[in-house]
Amino acid sequence: MAHITLHTLQDMKERNEKFVCLTAYDATFARFSSRAGVEVLLVGDSLGMVLQGHDSTLPVTMEDVIYHTQCVKRGNEGALLIADLPFMSYACATQTLENAARLMRAGAHMVKLEGGAWIADTTRLLTERGIPVCAHMGLTPQSINRIGGFRVQGRDPAAANTMIEEALLLESCGANLLLLECVPRHLARTITEKLSIPVIGIGAGPDTDAQIMVVHDLLGISPITPRFVKNFLLESSQGIPGAIAAYVKAVKEQRFPAPEHCYD
Ligand code: KIV
């Protein structure tokens, strides 16, 4: 696969061509996924739940994400590599710059951070210094104790309007990608149409510019199965590489997510 850059993803949005994202935590899965045509690999702090067995992403450290980013970088064959800034690693400016630089040195092409208006200054700070930012809105698992559980966000009109305004604000501050997690389909569609940057969805319906899944969900081996998850291993005759290829094909052909995977 040719090397995917932010320009590639921006061009795909403009051509209305869906792109595919998947979490990866090691070199082997990074190799399989990039060979199968996954355009974006995410070293997500979901590793705290699916690899380490915690009940949230809060215990994940910078050292954890750096280690897995180094592993994924070795196996990656051309995908854009995003690494998560974990809980409390971007609480103030100096700390943010230092930690984002550590992820970029480990092999990330971009960092992801969770939040709305409060990460606007941070987004500007990072992008002005050459570090691309993927903003993560909607259900933000690092704030799970404030949100009060893994639940759909932006259901009422006031919350939906705030999310739209904050997404536009982050774009104006330089965010290069937006990830929306667990929001109603119509809200994700509105935000995707209003923003010029590509929008990636998980539990956000089929109208975003791209989809992302946690690889353990795609293989049906996660302890919990939210509504938006599909087990692609069930339709693979070629094991794990076949399951990843089936996910890529289903997103590209706009067969996934189907109505039963969406919130309305
Ligand atoms: O950490 C992660 O894996 C994520 C996904 C849920 C998108 O942020």
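For ligands, and for the atoms within them, numbers begin at 1 and follow the listed sequence. When a residue number appears, it is its place in the shown sequence, counting from 1.
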So does Pro206 get a backbone contact from the side chain of Lys18, meaning a donor-acceptor N/O pair under 3.5 Å?
yes
For Ala167, side-chain contact (heavy atoms from CB on, under 4.5 Å) partners two or more places apart:
Met137, Leu178, Ile191, Leu195
Would Glu235 and Lys230 pass as an ion pair if we require N to O under 4.0 Å?
yes
Say whether Leu97 and Phe87 are linked into one hydrophobic cluster, either directly or through other cluster members, by side-chain heavy-atom distances under 4.5 angstrom.
no
Matching residue for Ile4 among Val38, Leu80, Leu41 - test: side-chain contact (heavy atoms from CB on, under 4.5 Å)
Leu80
Is there any protein N/O under 3.5 Å from an N/O of ligand 1, and what does the full list of such pairs look like?
from     : atom 1 : to     : atom 2 : distance (Å)
ligand 1 : 1 (O)  : Asp45  : N      : 3.1
ligand 1 : 1 (O)  : Asp45  : OD1    : 3.1
ligand 1 : 1 (O)  : Ser46  : N      : 3.0
ligand 1 : 1 (O)  : Ser46  : OG     : 3.4
ligand 1 : 1 (O)  : Asp84  : OD2    : 3.2
ligand 1 : 3 (O)  : Ser46  : OG     : 2.5
ligand 1 : 8 (O)  : Lys112 : NZ     : 2.8

Can a side-chain donor-acceptor contact be found between Thr8 and Asp11 if the only test is distance below 3.5 angstrom?
no
